[in-house]
Amino acid sequence: MLFPFSKNINMKSLLTIEELTPKILSDLVNSGADFKMIRESHDKPLQGQTWGMIFNKASTRTRLSFEVGIHELGGKALFLSANDLQLGRGEPIKDTARVMGRMLHGLIIRTFDQQDLIDFAEWGKIPVVNALTDDEHPCQILADLLTIQELHGTWEGKKIAFIGDGYSNMSISWMWAAKHLGFEFSIAAPKQCQPTPEFLERLNAPNVTITTSPKEAAANADVVNTDVWLSMGQEGQEAKEAQFKGFQVNENLLKVANKDHLVLHCLPAYRGKEITEEVLEAHADTIFQQAENRLHAQKAVLAWLRV
Ligand code: CP
Ligand code: NVA
């Protein structure tokens, strides 16, 4: 397994979608589907293991799905609020990680800086899972792909639109997924919230397109996807919301999508901002299936990473 950011780590981690191969990405989605089918009766690959969960940002779905998933896989989840750890008082990651690596079997981390995950993996020498950073949200993408596979049969040949912040953790993880899997991915975002030319050059994916026109992105889309306009950590930047005027997923926008389009939202949703109440409720079955799929997809990740 190749993890270019993590060359010195002699075990697997899930730090980004970028670092996955197309095969591992689709294998993880398929494995999530298998775990879903046999929820009550699957093996317990984490039997006897304890996984730490360090959360430096709020969470409902990610925390819940990892705690339940680890439990259902036979392991114990230890929730560690970053504020309660000595980390919050200045203990360096390299010391915290070396202690944790001697006691835990793996770590789930939600934080700001991607580099912190890399440091935890390098110093802890145990698998690390990215539960959301400012750069990527890989576990959410696995659940979203599983939902698309369940409801559309495949992502192959589909057009997936993303309306909103085009250079956030969600849109970045989606762009890497599109690069690996080859589906058409069209982002509509205000100019100031688009991926940088340097990023697009590194991505090098002609199937990813960027526009300032939500209608252009959503035209003939099989999936219309959105996320909050202000991500966690951007509190105090409410003025930025004005840039998103016209970037709402509403009934009018969806008229240009394919007839059997899906609407996805990773949640939490802010009705009246990135999505209307009507659209969210009309597509609630899909959106909450998507939320449930976090559990199944993450079981696949944990079983894959288990040492
Ligand atoms: N979608 C998602 O990651 O939700 P939480 O922030 O509630 O974990
Ligand atoms: N982009 C959002 C995703 C929340 C699950 C955030 O980082 O807050």
Side-chain angles (χ1 to χ4, degrees), residues 60-61 137 140-175 177-178 181 183-195 207-232 234 237-294:
T60 298
R61 282 142 289 270
H137 195 2
Q140 182 69 54
I141 298 305
L142 294 173
D144 297 1
L145 289 170
L146 175 55
T147 311
I148 292 169
Q149 192 176 67
E150 287 175 328
L151 297 174
H152 268 334
T154 179
W155 48 74
E156 272 173 37
K158 302 290 179 196
K159 178 179 180 184
I160 301 179
F162 186 95
I163 316 294
D165 188 348
Y167 202 36
S168 67
N169 43 20
M170 281 301 300
S171 47
I172 291 172
S173 288
W174 264 114
M175 285 189 271
L181 301 177
F183 51 77
E184 193 182 342
F185 188 64
S186 184
I187 294 181
K191 264 265 170 272
Q192 306 88 320
C193 302
Q194 295 189 353
N207 53 323
V208 173
T209 54
I210 323 284
T211 172
T212 50
S213 161
K215 283 219 161 131
E216 191 182 316
N220 305 313
D222 301 288
V223 178
V224 178
N225 199 347
T226 189
D227 181 22
V228 292
W229 288 340
L230 286 186
S231 285
M232 290 181 279
Q234 297 181 330
Q237 296 180 36
E238 282 69 21
K240 187 180 159 192
E241 288 190 343
Q243 298 168 1
F244 289 98
K245 197 170 175 307
F247 287 84
Q248 185 183 65
V249 175
N250 55 34
E251 282 167 349
N252 191 37
L253 178 67
L254 293 175
K255 282 185 191 147
V256 303
N258 267 351
K259 229 169 87 189
D260 63 346
H261 65 261
L262 304 175
V263 172
L264 294 184
H265 194 311
C266 62
L267 301 175
Y270 292 89
R271 292 160 165 86
K273 292 190 176 180
E274 75 275 5
I275 193 165
T276 59
E277 166 79 11
E278 296 71 36
V279 169
L280 196 145
E281 291 304 335
H283 294 269
D285 285 350
T286 305
I287 290 168
F288 290 99
Q289 181 172 334
Q290 178 190 2
E292 181 196 323
N293 282 341
R294 296 293 305 277

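Residues: numbered from 1 along the sequence shown.
One finds the CZ atom of R61 at 7.5 Å from the SG atom of C266 (value rounded to the nearest 0.5 Å). Rounding to the nearest 0.5 Å gives a distance of 8.5 Å between NE2 of H152 and CD1 of I160. Rounding to the nearest 0.5 Å gives a distance of 6.5 Å between CG of L267 and CG of L280. Between the NZ atom of K158 and the CG atom of N220 there is a distance of 12.5 Å, given to the nearest 0.5 Å. With values rounded to the nearest 0.5 angstrom, L254 atom CG is found 11.0 Å from L262 atom CG. For the atom pair CG of D165 and OG of S231, the computed distance is 6.0 Å after rounding to the nearest 0.5 Å.
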Passes side chain to side chain contact (heavy atoms under 4.5 Å, CB included), Q290 versus D144? Steps please.
CA-CA 6 Å; Q290 178 190 2; D144 297 1; 2.9 Å; yes

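The nearest pair of heavy atoms linking V228 to P268 is CG1-O, 3.3 Å. In terms of heavy atoms, V208 sits closest to A178 at CG2-CB, 3.9 Å. Minimum interatomic distance between F162 and S171 (heavy atoms only, all atoms of both residues): CE2-CB, 3.8 Å. Here the closest non-hydrogen pair linking G246 and P214 is O-CG, 3.3 Å. Closest approach of Q234 and L230 over heavy atoms only: OE1-CA, 3.4 Å. Considering all non-hydrogen atoms of both residues, A217 and A161 come closest at O-CB, 3.4 Å.
Under the 4.5 Å side-chain criterion, counting only non-hydrogen atoms from C-beta, I141 is in contact with M170. Using a 4.5 Å heavy-atom threshold, the side chains of S186 and E216 count as separate. Residues C193 and F244 meet the side-chain proximity criterion, which asks for heavy atoms closer than 4.5 Å. You'll find the side chain of D227 stays beyond 4.5 Å of the side chain of E274, heavy atoms only. Side chains of Q289 and D285 form no contact here, defined as non-hydrogen atoms less than 4.5 Å apart. You'll find the side chain of W155 reaches within 4.5 Å of the side chain of Q149, heavy atoms only. For the pair V223 and L151, the minimum side-chain heavy-atom distance is 4.5 Å or more. The side-chain heavy atoms of T226 and Q248, taken from C-beta on, include no pair separated by under 4.5 Å.
Between the Q194 side chain and the G166 main chain, no donor and acceptor come within less than 3.5 Å of each other. Counting only distance, with no hydrogens or angles, the side chain of S173 and the backbone of H137 share a donor-acceptor pair below 3.5 Å. The closest donor-acceptor contact from the side chain of N258 to the backbone of H261 lies at 3.5 Å or more, if one exists at all. Although no hydrogens or angles enter the test, the distance criterion places a donor-acceptor pair under 3.5 Å between the side chain of K159 and the main chain of A219.
The environment of CD in E156 is sparse: at most 12 heavy-atom neighbours from other residues, nucleotides or ligands sit within 6.0 Å. For K240, the NZ atom sits in a packed shell: over 12 heavy atoms of surrounding residues, nucleotides or ligands are nearer than 6.0 Å.
Ring planes of F183 and W174: perpendicular class, angle over 60° (limits at 30 and 60°).
No hydrogens or angles considered: a donor-acceptor pair under 3.5 Å links the side chains of E150 and N293.
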